[in-house]
Amino acid sequence: MRILLTGGCGFIGSAVVRHIIRNTEHHLLNIDCMTYAASEENVASIADDPRYQHQRISINDSASLEVALREFQPDAIMHLAAESHVDRSIDGPGAFVQTNVVGTYSLLDVARHYWNSLEGEKKDAFRFLHVSTDEVFGHLSMDAPPFTETTPYDPRSPYSASKAASDHLVRAWHHTYGFPAFVTNTTNNYGPYHFPEKLIPLVIINALEGRSLPVYGKGENIRDWLFVEDHACALVRAIERGVPGETYAIGARQPRSNIEVVRKICALLDELVPDPAGPRERLISYVTDRPGHDFRYEIDPSHAEKCLAWKAEHDFDAGLRKTVQWYLEHKDWWQPLREQRYDGQRLGAKK
Ligand code: DAU
């Protein structure tokens, strides 16, 4: 296949790019406008492959997108470009509406016209995969069953509302125009190249530097953790086998409370690089909670596992160990990014 992928220099996008070039025969055009969370280094290991190319184009730039599609002639589009950090969306929602909602609209519009210009088998086989989040389903109480493909939408942050809006646009394009699109909704990812504003990389790096580990509220909120390389594998299966109009809820059945995650990272670092000053748990600091903080996310991935013949390979302990080791071995990747990390005012506010 010839796959045009958006957001391929970001965290999840770059894992998909590396997976495709290393494990398939597909050709790839990566469209990434290189925001703060993107880095050429994330794809450096495959960048010289003749099946890979990158164009620095924004998904809001319809004219350039149109040319890229016409010249590359993709068989499929994987749409991963998005603003993704909930705290940033609380402090500055505008960028989320612009990229996630308007950008997705602009990509859909150009993609539909391109698809309309195709004929025969190439038109029938064309697919558009929109990669989204489980946060669109709102949040769960402790005893509620996990989210599935049929859970009603109830987004509660500017970020999740913008992703929900983009999901609705994609489904409307399928329903109204017959555009061959489908959607994946996925739980929290973690792993190599995760930008150090998200919980896991932030805690690893702060702990290594002897800084405080900010835990929002009481640390009781629960997230369901999927190793990013398992997610990449699921998305490639989805683009190869996904059915237009379908939804696939992707997760690894690995729910953990935030405080459990932070303690596990501390224990791993204490084992791998002991700190003469004492156990890292001493650095844990309970800070003011995130406004509107969703309590629990969890996905039941049964449908995706069956339809995509996929299952996550890593449990949380195995994936976290790999992740911590990767950060220990890649200081040159994350040290320059420390300057750009998000440090919203709320993070400093101790309880
Ligand atoms: O569920 C999928 C979503 O997971 C994705 O759609 C989002 O793009 C991704 O950012 C992630 O959202 P979260 O808000 O769950 O991820 P984050 O790493 O920001 O936070 C994870 C949990 O840890 C959450 O309950 C908030 C908490 N937290 C986060 C940070 C950054 C802390 O306690 N301290 C922190 O410093």
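All values reported here derive from a predicted model rather than from experimental measurement. Order of listing sets the numbers, starting from 1, for every ligand and every atom in it. Positions are given from 1, in the same order as the sequence printed here.
The cluster map of Ile, Leu, Val, Met, Phe, Trp and Tyr, joined by side-chain heavy atoms under 4.5 Å apart, puts Ile299 and Ile12 in different clusters.
Heavy atoms of Leu199 found under 4.0 angstrom from ligand 1 belong to the backbone as well as the side chain. At a heavy-atom distance under 4.0 Å, no atom of Lys163 approaches ligand 1.
Remark: the Arg88 side chain and the Tyr36 side chain contain an N/O donor-acceptor pair separated by less than 3.5 Å.
At a 3.5 angstrom cut-off on N or O pairs, Asn188 counts as close to ligand 1. Checking only distances, Thr187 never comes within under 3.5 Å of ligand 1, N or O to N or O. Where the criterion is an N or O separation shorter than 3.5 Å, residue side chain and backbone included, Asp294 fails it with respect to ligand 1. An N or O contact shorter than 3.5 Å is missing between Asn221 and ligand 1 by distance.
Side chain of His26 to backbone of Met1: a donor-acceptor contact under 3.5 angstrom is found.
Partner of His330 under the side-chain hydrogen bond (donor to acceptor under 3.5 Å, both in side chains) criterion, chosen from Tyr327, Trp326, Trp334: Trp326. The side chain to side chain contact (heavy atoms under 4.5 Å, CB included) test with Leu235 is passed by exactly one of Leu129, Asp230, Leu5: Leu129.
Closest to atom 22 (C) of ligand 1 by heavy atom, among Leu202, Asp289, Asn258, is Asn258. Taking only non-hydrogen atoms, the option from Tyr216, Tyr190, Phe11 nearest to atom 35 (C) of ligand 1 is Tyr216.
Lys122 and Asp75 are joined by a salt bridge, as a carboxylate oxygen and a charged side-chain nitrogen come within less than 4.0 angstrom of each other.
Close contacts between ligand 1 and Tyr159 involve ligand atoms 5 (C), 6 (O), 7 (C), 8 (O) [criterion: under 4.0 Å to a heavy atom].
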